[in-house]
Asker: 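Let me give you the structure first, and then I'll get to my questions.
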Amino acid sequence: MINLNEVFETNKMIHEMNLDVRTITIGISLLDCVGTTLEEVKENIYNKITTVAKDLVKTGKDIENEFGIPIVNKRISITPISLVGGNVCKTPDDFVELAKVLDAAAKKVGVNFLGGYSALVSKGMTKADELLIRSIPKALAETDFVCSSVNVGSTKTGINMDAVKLIGEIVKETAELTKDNQCLGCAKFVVFCNAPDDNPFMAGAFHGVTEADAIINVGVSGPGVVKRAIENVRGENFEVLCETIKKTAFKVTRVGQLVAKEASKRLGIPFGIIDLSLAPTPAAGDSVGEILEEIGLEYAGAPGTTAALAMLNDQVKKGGVMASSYVGGLSGAFIPVSEDQRMIDAVNAGALTIEKLEAMTCVCSVGLDMIAIPGKTKATTIAGLIADEMALGMINQKTTAVRVIPAIEKDVGDQVEFGGLLGYAPIMPVNEFSCDAFVNRGGRIPAPIHSFKN
């Protein structure tokens with residue numbers, strides 16, 4: 001039973017603490033769009049997306065207006081396109097044609113982003129997978145709303161180092177092709193270990209092959225709400241702090257559950273999961289970095305940061321999981337540099353480095369996210385960064401990811417401006433000692449011993 005005080009409390013969260021539903025994402029299976037010619041596949045894809053998602057944006061706006069809950073993004077995720085186009089795409093340019101159709105469909109239905117220009121290659125690459133990966137730079141340069149991801153490792157299969165090496169080159173090429181637009185293409189591409197099938201957040205969303213024909217996944221976000229709550233227990237012990245975070249995460253997730261159920265009912269599409277991640281924005285008061293500071297750190301990156309983040313992540317999950325029938329996706333705290341003003345401030349103060357961020361990713365939701373690095377950084381160095389982060393995910397049986405932006409013609413001391421939710425990022429220094437011989441070995445790093453569970 002919802003009482004009047006809970007209504008007032010939720011209203012205050014929305015209007016004073018930046019509480020929002022970050023995204024309603026429709027996952028759409030395109031497996032039935034496979035055809036015998038490229039033109040047939042393009043037509044099938046366009047027709048299915050524009051039919052299934054035709055009412056998504058309107059429904060989201062209606063729910064916003066009726067319930068007074070901001071819904072920032074309406075998005076689509078699709079079956080990894082390497083599986084859909086593999087039969088008819090014989091060159092990278094053929095896959096680019098599919099990317100353009102996806103972009104046109106996204107524009108038609110009015111969504112913010114479409115994810116799933118993806119390949120799953122943790123154990124090996126098919127010819128279609130390789131063609132899609134090689135098409136990514138051009139596809140992202142020539143589309144506006146398409147997001148891309150590649151899963152190169154898992155706890156069960158190990159890390160595909162051939163794919164890691166190739167993606168280091170692809171990231172550099174993507175940056176070059178979009179350098180006139182702040183290398184924005186790289187902000188729409190992420191590489192994963194243990195990628196989830198039901199993630200509603202971009203750029204890594206795709207619709208897994210084990211999912212239903214269509215599904216509604218919702219991502220909630222409330223860093224400002226959590227920060228305000230723990231302000232009220234400043235100086236209290238960890239038991240009190242943890243209880244406060246859990247209770248707050250429960251309330252935030254209930255808002256997402258309400259929106260998810262309502263969207264599912266109105267669209268006639270089954271409810272999938274709530275992703276209860278703390279996803280920051282550049283807005284003041286909507287920052288995971290601010291939460292870490294309120295817990296007791298001068299800046300994110302100070303000694304104790306990893307412990308504080310681990311505690312925060314765990315309490316968010318403990319509180320949120322009780323508030324929804326189905327929790328999934330990534331669910332935890334995001335630490336993207338460009339999208340969090342206090343993380344940017346920590347970098348500029350010298351408190352936060354890539355190496356410290358890597359340590360923090362052992363205990364949070366994703367990985368090295370929205371980090372700008374010097375444009376001169378070698379492809380093999382980028383591949384080494386990716387390999388390190390994939391190893392953390394593989395060994396720790398968790399999702400990890402890398403989304404880095406080599407800022408062409410820029411260096412440490414400069415910054416890149418993306419605007420909107422993507423914010424801006426200072427260029428962070430990268431360890432320049434060579435890992436060429438390691439990356440060039442090729443092959444696959446085997447799965448860890450604890451993966452053998454049957």
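We count residues from 1, following the sequence as given. The structure presented is a predicted model; accordingly, all values stated were derived computationally and were not measured.
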Asker: Determine whether Thr143 and Leu102 satisfy the following criterion, side-chain contact (heavy atoms from CB on, under 4.5 Å), listing intermediate values before the conclusion.
Answerer: CA-CA 9 Å; Thr143 60; Leu102 295 172; over 6 Å; no

Asker: Nearest 0.5 Å please: distance from the CD1 atom of Ile78 over to the CZ atom of Phe206.
Answerer: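 Going from CD1 on Ile78 over to CZ on Phe206, the span is 11.5 Å.
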
Asker: Look at atom NZ of Lys247 and say whether more than 12 heavy atoms of other residues, nucleotides or ligands are closer to it than 6.0 Å.
Answerer: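 No, the 6.0 Å shell around NZ holds no more than 12 heavy atoms from other groups.
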
Asker: Could you check whether any side-chain heavy atom of Ser264 comes within less than 4.5 Å of a side-chain heavy atom of Ile269, counting everything from C-beta outward?
Answerer: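 No, their side chains stay 4.5 Å or more apart.
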
Asker: Any donor-acceptor pair under 3.5 Å linking the side chain of Ser148 with the backbone of Tyr117?
Answerer: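 Checked: pair present.
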
Asker: Taking Gly115's backbone N and O only, do any of them form a donor-acceptor pair with His207's side chain (distance below 3.5 Å, no angle check)?
Answerer: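 Looks like no, no N/O pair under 3.5 Å.
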
Asker: Any donor and acceptor pair, going by atom type alone, linking the side chain of Lys398 with main-chain N or O of Thr361 inside 3.5 Å?
Answerer: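 Side chain of Lys398 to backbone of Thr361: a pair is present.
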
Asker: Just by distance, do the side chain of Glu64 and the backbone of Ile71 share a donor-acceptor pair under 3.5 Å?
Answerer: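 Indeed, once roles are kept as given, a pair shorter than 3.5 Å links the two residues.
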
Asker: Kindly indicate whether the side chain of Val111, heavy atoms from C-beta on, has any atom under 4.5 Å from the side chain of Val57.
Answerer: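 With C-beta onward as the side chain, the pair touches.
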
Asker: Determine the minimum heavy-atom distance between Ala128 and Gly86, stating which atoms define it.
Answerer: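 That closest heavy-atom pairing would be CB-CA, 3.6 Å.
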
Asker: Rounded to the nearest 0.5 Å, what separates atom OG1 in Thr253 from atom CG in Asp275?
Answerer: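 The CG atom of Asp275 is 9.5 Å from OG1 of Thr253, to the nearest 0.5 Å.
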
Asker: What closest approach, in Å, do Pro200 and Gly329 show between heavy atoms, and which atom pair accounts for it?
Answerer: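 Closest approach of Pro200 to Gly329, heavy atoms only: CD-CA, 4.5 Å.
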
Asker: Quick one: does any side-chain atom of Ser77 pair with a main-chain N or O of Ala205 as donor and acceptor, under 3.5 Å?
Answerer: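 Absent.
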
Asker: Ion pair present between Glu339 and Arg403, side-chain N to carboxylate O less than 4.0 angstrom?
Answerer: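 So Glu339 pairs with Arg403 through a salt bridge.
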
Asker: From Glu97 CD over to Glu142 CD, what is the distance, rounded to the nearest 0.5 angstrom?
Answerer: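 Rounded to the nearest 0.5 Å, the CD-CD separation comes out at 8.5 Å.
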
Asker: I'd like to know if the side chain of Arg22 reaches the main chain of Ala279, judged simply by a donor and an acceptor atom lying under 3.5 Å from each other, with no hydrogens or angles considered.
Answerer: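 Confirmed, Arg22 side chain pairs with Ala279 backbone.
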
Asker: Show your reasoning for whether side-chain contact (heavy atoms from CB on, under 4.5 Å) applies to Val337 and Ile344.
Answerer: CA-CA 6 Å; Val337 172; Ile344 294 169; 4.3 Å; yes

Asker: Please determine if Glu243 and Lys246 form a salt bridge, counting it only when a charged side-chain N lies under 4.0 Å from a carboxylate O.
Answerer: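 The answer is yes: the pair qualifies as a salt bridge.
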
Asker: For residues Ser324 and Phe271, determine if any side-chain heavy atom of one lies less than 4.5 Å from a side-chain heavy atom of the other.
Answerer: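 A side-chain contact under 4.5 Å exists here.
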
Asker: Report yes if the side chains of Phe192 and Thr399 come closer than 4.5 Å at any heavy-atom pair, otherwise no.
Answerer: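 They are in side-chain contact.
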
Asker: Does CD in Glu417 sit with more than 12 non-hydrogen atoms of other residues, nucleotides or ligands closer than 6.0 Å?
Answerer: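 Yes.
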
Asker: Do Met394 and Ile445 pass the side-chain contact (heavy atoms from CB on, under 4.5 Å) test, and can you show the C-alpha distance, the side-chain angles, and the key distance before you say yes or no?
Answerer: CA-CA 10 Å; Met394 175 183 71; Ile445 293 177; 4.2 Å; yes

Asker: Should Asp345 and Arg342 count as an ion pair when the cut-off is N to O under 4.0 Å?
Answerer: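 Looking at Asp345 and Arg342, the cut-off is met.
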
Asker: Strictly distance-based, threshold 3.5 Å: is any side-chain N or O of Asn151 a donor or acceptor partner for the main-chain N or O of Gly153?
Answerer: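 Yes: the side chain of Asn151 pairs with the backbone of Gly153.
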
Asker: I'd like to know if the side chain of Asp129 pairs up with that of Thr126 as donor and acceptor (distance under 3.5 Å, no hydrogens or angles considered).
Answerer: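 Indeed, the side chains of Asp129 and Thr126 share at least one donor-acceptor pair under 3.5 Å.
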
Asker: Measure across Ile230 and Ile295 and return the closest heavy-atom pair with its distance rounded to 0.1 Å.
Answerer: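 That would be CD1-CG1, 3.9 Å.
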
Asker: May I ask you to decide if Ile395's main-chain N or O and His450's side chain share a donor-acceptor pair within less than 3.5 Å?
Answerer: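 It does hold such a pair.
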
Asker: Step by step, would you call Phe250 with Arg254 a side-chain contact (heavy atoms from CB on, under 4.5 Å)?
Answerer: CA-CA 6 Å; Phe250 179 90; Arg254 289 303 280 177; 3.7 Å; yes

Asker: Main chain of Thr157, side chain of Arg444: is a donor-acceptor contact present, judged purely on distance under 3.5 Å?
Answerer: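 Yes; at least one donor-acceptor contact below 3.5 Å.
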
Asker: May I ask you to check whether over 12 heavy atoms, not counting those of Lys123, lie within 6.0 Å of atom NZ?
Answerer: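 It does not: Lys123 NZ has 12 such atoms or fewer within range.
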
Asker: Is the shortest side-chain heavy-atom distance between Leu278 and Leu312 below 4.5 Å?
Answerer: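 Leu278 vs Leu312: side chains touch.
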
Asker: How close do Ala372 and Val416 get, heavy atom to heavy atom, and via which atoms?
Answerer: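 Scanning both residues completely, I find the closest heavy atoms to be CB-CG2, 3.8 Å.
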
Asker: Side chains of Asp340 and Ser287: donor-acceptor distance under 3.5 Å anywhere?
Answerer: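 A donor-acceptor contact under 3.5 Å links the two side chains.
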
Asker: To the closest 0.5 Å, what do you measure between CD1 (Ile45) and CD1 (Ile81)?
Answerer: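 Rounded to the nearest 0.5 Å, the CD1-CD1 separation comes to 4.0 Å.
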
Asker: How about Met343 and Val288: do any of their side-chain heavy atoms sit closer than 4.5 Å?
Answerer: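 Heavy-atom side-chain distance check fails, nothing below 4.5 Å.
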
Asker: Would you confirm whether Asp103, through its side chain, and Phe145, through its main-chain N or O, come within 3.5 Å as a donor-acceptor pair?
Answerer: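 Side chain of Asp103 to backbone of Phe145, a donor-acceptor pair under 3.5 Å: yes, one is there.
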
Asker: Using a 4.5 Å cut-off on heavy atoms from C-beta on, say whether the side chain of Pro448 contacts that of Thr155.
Answerer: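 In contact.
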
Asker: Enter the distance from Glu298:CD to Glu293:CD here, rounded to the nearest 0.5 Å.
Answerer: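 Result: 8.5 Å between the selected atoms.
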
Asker: Which atom pair, heavy atoms only, marks the closest approach of Val259 to Ile69?
Answerer: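 Scanning both residues completely, I find the closest heavy atoms to be CG2-CD1, 4.0 Å.
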
Asker: Pairing donors with acceptors under 3.5 angstrom, does anything connect the side chains of Lys48 and Ser29?
Answerer: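 No pair is found: no donor N or O on one side chain lies under 3.5 Å from an acceptor on the other.
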
Asker: To the nearest 0.5 Å, tell me how far Leu131 CG sits from Asp94 CG.
Answerer: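 Between Leu131 CG and Asp94 CG, I get 8.5 Å after rounding to 0.5 Å.
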
Asker: Do Val363 and Asn313 have side-chain heavy atoms sitting under 4.5 Å apart?
Answerer: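 No. Closest side-chain heavy atoms not under 4.5 Å.
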
Asker: If you take all heavy atoms of Phe113 and Cys147, which pair is closest and at what distance?
Answerer: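 That would be CD2-SG, 3.6 Å.
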
Asker: Scan side-chain atoms only and decide if Tyr326 and Gln257 contain a donor-acceptor pair under the 3.5 Å cut-off.
Answerer: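 Short answer, no.
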
